[in-house]
Colleague: 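Can you read through this structure? Questions will come right after.
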Amino acid sequence: MENNLQKVAMTEENPKWRNAIQRQEGLYARKNDLRSEFERDYTRIIHCNAYRRLKHKTQVFFSPSNDHICTRIEHVNHVGSISYTIGNYLGLNIELIKSIAVAHDLGHSPFGHKGEKILDEISKEQLGESFWHEKNGLHFVDDMELLEDNEGNRKNLNLTYAVRDGIISHCGEVDENSLKPREEVIELCDYTKPNQYKPYTWEGCVIKIADKISYIGRDIEDAIILKVLSSEDIQELNELLNMKRKEPINNTNIINELVIDLCQNSNIEQGLHFSQEKLEMMNRIKAFNYRKIYLNKRVGAPDEYFSIILHRIFNSLAQCYNGEDTGKKLVEYGKQYSKTYLEFLEWIENYWSLREKEQIKLNNKMIYDMKKEKDYKRAILDYIAGMTDNYAIESYQSLISF
């Protein structure tokens, strides 16, 4: 039913409102600003570099020659479109929904989920910590991404709690057929694994489900274009879903069926809820995609290449650690071997304890203590995680070339 969740929307009448709009520190304000708190988050996100880089990051298919194959930036916009439709129908806060949607995948590494897995292996070996993109997304918006304020000072994004929570809580692997937000405010740094807690808001729950709706249909469409799926595979999917109508199985029809079903069956008592028929349909499609697309040998063919690239970049930069003289060593290696060392130095100077005092326009957090080698290795991991596919390849080529 339309506006079924309007009473629990994240508005000023919601008891959670003050917590939802809380920021880690004060944000400058103008007397004539027309935007709400969540609208300010939205514009801060789309102007940050991590958002811009999404257009050159793999979604599922690496380096397609076809410009119409989905990349990470298209995916976040697809999630935005789907979640807007759901949230608008159910009466939720659209401004919050669109802000979480555009930010939810900012923490993705180059080379999609395979790159994420490789960085997780490096992180566990070098730091004793897990790496996963939802947590990394929160780390990026809290600590890494910088914007100029109204006085020209470069500062961290400083987003609201509700948007930050939506980023780290968005894991789309939802199998239960009833999703409601949690009641308590938690320290978001307490997350130790994906999907550990439910989102704090109904709007965050919508993103969590829209993420899954978005990728299952589009991945099939892309796989057909790239001939990863054959006509026999599509026939098998038809039989799995017991399709008896004339409409084809495509992104349009999958999204339409799932969105309408979710909107018609969701309410405050049951939460965001599919009919049993559509839940089974979604799970069958997901299982088919894993078997025929994500685990396809052709899709996984570049995996070894990804591992070589990311390990080489990490190991090359790691060898330059020399305490407070690390910068000098990076310059030396940069002049002698590769520009990659100098590019890394230029980046890390924004965040390390050796930052010059005259860099007065940098008013962001300093997050790396150069007296600690572990901090330096964490910086390398952060640097790699922010790379686009192309930039990672270019850095690798610079490191191995003469």
Side-chain angles (χ1 to χ4, degrees), residues 53-67 69-75 105 107-137 172-173 194 215 218-220 222-230 233 286-320 333 337-341 343-344 377-402:
R53 291 194 296 265
L54 292 178
K55 62 179 174 288
H56 294 302
K57 289 196 175 191
T58 294
Q59 174 67 13
V60 173
F61 302 101
F62 168 65
S63 192
S65 56
N66 189 319
D67 290 335
I69 300 302
C70 192
T71 63
R72 188 66 59 181
I73 200 166
E74 291 163 313
H75 166 71
D105 268 355
H108 259 293
S109 60
F111 311 131
H113 285 283
K114 182 59 181 179
E116 180 179 6
K117 183 178 179 182
I118 295 165
L119 292 188
D120 181 50
E121 293 167 357
I122 295 174
S123 183
K124 286 176 178 175
E125 178 184 345
Q126 298 292 334
L127 305 175
E129 302 170 1
S130 297
F131 175 93
W132 33 289
H133 78 269
E134 294 93 344
K135 182 180 180 180
N136 191 54
E173 299 308 307
Y215 73 72
R218 181 57 193 263
D219 293 350
I220 290 173
D222 285 351
I224 293 172
I225 294 171
L226 295 174
K227 302 190 186 310
V228 171
L229 292 179
S230 65
D233 291 327
K286 179 183 172 183
F288 173 88
N289 284 8
Y290 268 93
R291 186 162 47 88
K292 292 291 186 176
I293 301 175
Y294 312 138
L295 299 179
N296 185 290
K297 290 182 179 179
R298 184 179 166 199
V299 176
D303 289 357
E304 187 176 355
Y305 179 51
F306 300 156
S307 182
I308 292 170
I309 290 172
L310 299 184
H311 277 91
R312 171 50 56 198
I313 296 172
F314 183 90
N315 292 334
S316 296
L317 295 174
Q319 69 181 334
C320 290
Y333 273 57
Y337 300 117
S338 167
K339 66 176 184 177
T340 296
Y341 298 101
E343 290 171 347
F344 174 63
K377 289 182 176 179
R378 182 175 288 109
I380 299 171
L381 200 73
D382 289 341
Y383 181 60
I384 295 173
M387 291 180 172
T388 63
D389 298 3
N390 294 339
Y391 187 66
I393 294 170
E394 289 171 8
S395 299
Y396 169 73
Q397 292 290 348
S398 174
L399 288 166
I400 66 170
S401 299
F402 290 94

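Values below: every heavy atom of this structure, side chains too, minus hydrogens, waters and symmetry copies. For clarity, every value in this text was computed on a predicted model and none was experimentally measured.
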Colleague: With rounding to the nearest 0.5 Å, note down the distance linking CD1 in I69 to CG in D219.
Modeller: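 Here the rounded value is 10.0 Å.
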Colleague: Would F131 and N136 count as a side chain to side chain contact (heavy atoms under 4.5 Å, CB included) if you check the C-alpha gap in whole Å, the side-chain angles of each, and the deciding distance to 0.1 Å?
Modeller: CA-CA 7 Å; F131 175 93; N136 191 54; 3.5 Å; yes
Colleague: Once salt bridge (Lys or Arg N to Asp or Glu O under 4.0 Å) is applied, do any residues pair with K377, and if so which ones, sequence neighbours excluded?
Modeller: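 Here no residue qualifies.
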Colleague: Distance-only criterion, 3.5 Å: show the donor-acceptor pairs between side-chain atoms of residues 394-402 and protein atoms not counting sequence neighbours.
Modeller:
from : atom 1 : to   : atom 2 : distance (Å)
S395 : OG     : Y391 : O      : 2.9
S398 : OG     : S338 : OG     : 2.5
S401 : OG     : Q397 : O      : 2.5

Colleague: By the side chain to side chain donor-acceptor pair (under 3.5 Å) test, which pairs, at least two apart or in different chains, include something from residues 300-309?
Modeller: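 Of all non-adjacent pairs touching residues 300-309, those that pass side chain to side chain donor-acceptor pair (under 3.5 Å) are S307-H311.
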Colleague: Using a 4.5 Å cut-off on heavy atoms from C-beta on, say whether the side chain of F61 contacts that of R298.
Modeller: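 Sidechains of F61 and R298: no contact.
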Colleague: Which residues satisfy the salt bridge (Lys or Arg N to Asp or Glu O under 4.0 Å) test with D105, sequence neighbours excluded?
Modeller: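 Counting only residues at least two positions away or on another chain, D105 forms a salt bridge (Lys or Arg N to Asp or Glu O under 4.0 Å) with R72.
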Colleague: Run the salt bridge (Lys or Arg N to Asp or Glu O under 4.0 Å) test on D120 and K124 for me, step by step, so that the C-alpha distance in whole Å, both residues' side-chain angles and the decisive distance to 0.1 Å come before the verdict.
Modeller: CA-CA 6 Å; D120 181 50; K124 286 176 178 175; 3.1 Å; yes
Colleague: Donor-acceptor pairs under 3.5 Å, side chain of residues 111-118 to any protein atom, not counting sequence neighbours: which ones?
Modeller:
from : atom 1 : to   : atom 2 : distance (Å)
H113 : ND1    : E116 : OE1    : 3.1
E116 : OE1    : H133 : ND1    : 3.3
E116 : OE2    : H133 : N      : 2.7
E116 : OE2    : H133 : ND1    : 3.2

Colleague: Run the salt-bridge test on R218 and E74 with the 4.0 Å N-O cut-off and return the result as yes or no.
Modeller: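 So R218 does not pair with E74 through a salt bridge.
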Colleague: With sequence neighbours excluded, what pairs up with D233 under the side chain to side chain donor-acceptor pair (under 3.5 Å) test?
Modeller: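 In terms of side chain to side chain donor-acceptor pair (under 3.5 Å), with neighbours along the sequence ignored, D233 is linked to S230, K292.
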Colleague: Any side-chain heavy atom of D382 sitting closer than 4.5 Å to one from R378?
Modeller: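 In short, these two side chains touch, coming nearer than 4.5 Å.
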